[in-house]
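Encoded as structure tokens, the structure appears first; notes follow it.
Both backbone and side-chain heavy atoms feed into the values below; hydrogens, waters and symmetry mates do not.
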Amino acid sequence: MSRDPIAETIASLMPKAKAELTELVAFKSVADFGQFPRSESEAAANWVADALRAEGFQDVALLDTPDGTQSVYGFLPGPEGAPTVLLYAHYDVQPPLDEAAWVTPPFELTERDGRWYGRGSADCKGGVIMHLLALRALKANGGVPVNVKVIVEGSEEQGTGGLERYAEEHPELLTADTIVIGDAGNFRVGLPTATSTLRGMTLVRVTVDTLEGNLHSGQFGGAAPDALAALVRALDSLRAEDGSTTVDGLTGDAVWDGLQYEEDDFRKDAKVLAGVELIGGGTVADRIWARPAVTVLGIDCPPVVGATPSVQAGARALISLRVPPGVDAAEATKLLQAHIESHTPWGARVRTEQIGQGQPFRADTTSPAYAAMAEAMSEAYPGQEMQYAGQGGSIPLCNTLSALYPRAEILLIGLSEPEAQIHAANESVSPEELERLSVAEALFLRKYAAR
């Protein structure tokens, strides 16, 4: 790594960064208060607010957003006439899923094989620490050359749109010349990457009913319509023979013309079992960055253990549809609902309910901010040029900010490279990536101010 004073300062701050990330990861800040205590999220929000106050931020506030969660805001004034940069991250996390699958406890930051393990370590509590490191390094080396706004969301993982709606109701709050979203990731560890597109997302709950109550499968099976079987038929209609997503009226043949994702690398990153085929057609990059993808997230039906010989009267499923750039998420939702309703067999009663949505995003990579970030990345990662990649996931706030502030430049960087296994068991962050990306962000703020 370069011996630039910024890099030296951040290297010296890494033990503090680990201690702080340990504290932040310990909060079970899942914004699903039916599963996890609200107090855990509130404690995490207060931790972030205290950290901002300690760095001299003004107007630090816990924003009560319309979805019942809190986002944290702060403002750090820079030199007179300097541009304003908004730094984004989120402190809420995904549930740990099967805790038995974790090698170490999910809410205890644990170092193993050169990585730091814990839920949120990369997505996106590590992003909070990244922003703090960059600002501390600048303060120690001449000062922060821009006005800085920080917004740390409390419900990004739930897709409930609290911060988006709050921003729309208070459009002056987050206005900025450039916005750095610290919730993406490098294509590979050590390969500096800016994410230039995001797929959008819609969540739809499907309920199928066929009978007034469950029936004995011996006495009635074979003629009585099984709601679970009807649901399975409807869900199966969402995929072609090769596994491609098929939603009536939704195109699925777009191509990705940027950085490519080799199939062997993808199989390794996704931990695909030997002999199991990948699904879909086109390149891997086409499939995960440029085309729609449906996933059945869960089904309500009897578990195998304790199941009785019954024809099921009702069944439910939660479906996620990732929406590619260029497609309106609201229109995709309507198409998905219409598809499910038209493909549910036997006249079964079907209801579809949208419970979450986010629009896809495409950045302007020709902007001055991107040029400054490319220079900063090349210095933080000597010998490497910044690459542009897509991301299959969604960050709904991006489109809200783009609509509210059409002149603002939006950049996406972060710690969620493939080895991080975000949303899965044993999520982790590379401390080397945290260090280098913090250097890159600090250098970017300096270079951007100079422009």
Side-chain angles (χ1 to χ4, degrees), residues 30 32 34-35 94-98 101 157-160 199-210 225-252 266 270-273 276-281 284 287-289 291-305 307 311-324 327 329-346 348-358 360 391-394 396 421-425:
V30 179
D32 180 349
Q35 294 188 71
Q94 286 283 338
L97 304 177
D98 181 8
E157 298 291 6
Q158 296 300 310
T160 46
R199 288 192 295 194
M201 175 270 293
T202 186
L203 288 174
V204 172
R205 182 186 292 126
V206 181
T207 303
V208 176
D209 294 299
T210 55
D226 185 329
L228 179 56
L231 176 62
V232 169
R233 283 281 184 91
L235 298 179
D236 182 61
S237 73
L238 292 168
R239 292 195 181 280
E241 188 66 28
D242 67 355
S244 301
T245 291
T246 54
V247 175
D248 294 343
L250 186 63
T251 58
F266 180 82
K271 295 180 171 54
V272 180
L273 298 178
V276 178
E277 300 175 2
L278 301 186
I279 63 173
V284 170
R287 285 173 258 181
I288 64 173
W289 296 335
R291 297 180 181 179
V294 69
T295 304
V296 179
L297 303 182
I299 297 179
D300 284 341
C301 59
V304 172
V305 176
V311 178
Q312 299 301 311
R316 296 196 308 170
L318 183 63
I319 302 171
S320 164
L321 176 65
R322 297 292 176 169
V323 181
V327 177
E331 180 62 25
T333 300
K334 292 178 183 177
L335 292 173
L336 176 62
Q337 291 176 296
H339 179 106
I340 290 291
E341 290 163 7
S342 66
H343 286 268
T344 300
W346 314 321
R349 296 180 183 178
V350 57
R351 301 189 309 278
T352 59
E353 176 189 5
Q354 179 189 328
I355 61 172
Q357 179 181 287
Q391 181 171 298
S394 307
Q421 295 194 142
I422 63 170
H423 294 201

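Residues passing the side chain to side chain contact (heavy atoms under 4.5 Å, CB included) test with Val305: none are found, sequence neighbours excluded. Partners of Pro302 under the side chain to side chain contact (heavy atoms under 4.5 Å, CB included) rule, at least two apart in sequence or in another chain, are Gln312. Applying the salt bridge (Lys or Arg N to Asp or Glu O under 4.0 Å) rule to Asp32 yields no partners; only residues at least two apart in sequence or on another chain are considered. The side-chain hydrogen bond (donor to acceptor under 3.5 Å, both in side chains) test applied to Arg287 returns Glu263, not counting sequence neighbours. Remark: Asp98 pairs with Ala100, Ala101 by the side chain to side chain contact (heavy atoms under 4.5 Å, CB included) rule, at least two apart or across chains. Taking the side-chain hydrogen bond (donor to acceptor under 3.5 Å, both in side chains) definition, one finds that Arg239 meets it with nothing, sequence neighbours left out. For the salt bridge (Lys or Arg N to Asp or Glu O under 4.0 Å) test, no residue two or more places apart in sequence or in another chain qualifies with Arg349. Qualifying side-chain hydrogen bond (donor to acceptor under 3.5 Å, both in side chains) partners for Gln421, counting only residues two or more places apart in sequence or in other chains: Lys271. With sequence neighbours left out, Ala229 forms a side chain to side chain contact (heavy atoms under 4.5 Å, CB included) with Asp226, Trp346. Legend: residues meeting side-chain hydrogen bond (donor to acceptor under 3.5 Å, both in side chains) with Arg322, ordered by chain and number and at least two apart, are Ser394.
Rounded to the nearest 0.5 Å, atoms CD1 (Ile355) and OG1 (Thr160) are 10.0 Å apart. Annotation: the span from Leu238 atom CG to Leu321 atom CG amounts to 8.5 Å, rounded to 0.5 Å. A distance of 11.0 Å separates OG1 of Thr246 from CD of Glu241, quoted to the nearest 0.5 Å. Taking OG1 of Thr207 as the reference point, atom CG of Leu318 lies at 10.0 Å (rounded to 0.5 Å).
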What side-chain donor-acceptor pairs closer than 3.5 Å can you find for residues 331-340, not counting sequence neighbours?
unit_1 : atom_1 : unit_2 : atom_2 : d
Thr333 : OG1    : Thr202 : OG1    : 2.7
Thr333 : OG1    : Ala329 : O      : 2.8
Thr333 : OG1    : Gln357 : OE1    : 3.2
Gln337 : NE2    : Thr352 : OG1    : 3.3
His339 : ND1    : Asp248 : N      : 3.1
His339 : ND1    : Asp248 : OD1    : 3.4
His339 : ND1    : Asp248 : OD2    : 3.4
His339 : NE2    : Ser237 : O      : 3.3
His339 : NE2    : Ser237 : OG     : 2.9

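Between the Arg199 side chain and the Arg291 main chain, a donor and an acceptor come within less than 3.5 Å of each other.
A pairwise comparison of heavy atoms in Pro345 and Ala230 identifies CD-O, 3.5 Å as the closest pair. The nearest pair of heavy atoms linking Asp242 to Gly281 is OD2-N, 3.9 Å. Residues Gly243 and Ile279 share a closest heavy-atom pair of O-CD1, 3.7 Å. The shortest non-hydrogen separation linking Val208 to Ala348 is CG1-CB, 3.8 Å. Between Gly280 and Ser244, the shortest heavy-atom contact is CA-OG, 3.3 Å. Scanning both residues, Thr210 and Ala227, for their nearest heavy atoms gives OG1-N, 3.4 Å.
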Candidate pair Asp209 and Arg351, rule side-chain contact (heavy atoms from CB on, under 4.5 Å), full reasoning: CA-CA 9 Å; Asp209 294 299; Arg351 301 189 309 278; 3.1 Å; yes
Evaluation steps, side-chain contact (heavy atoms from CB on, under 4.5 Å), between Leu235 and His343: CA-CA 8 Å; Leu235 298 179; His343 286 268; over 6 Å; no
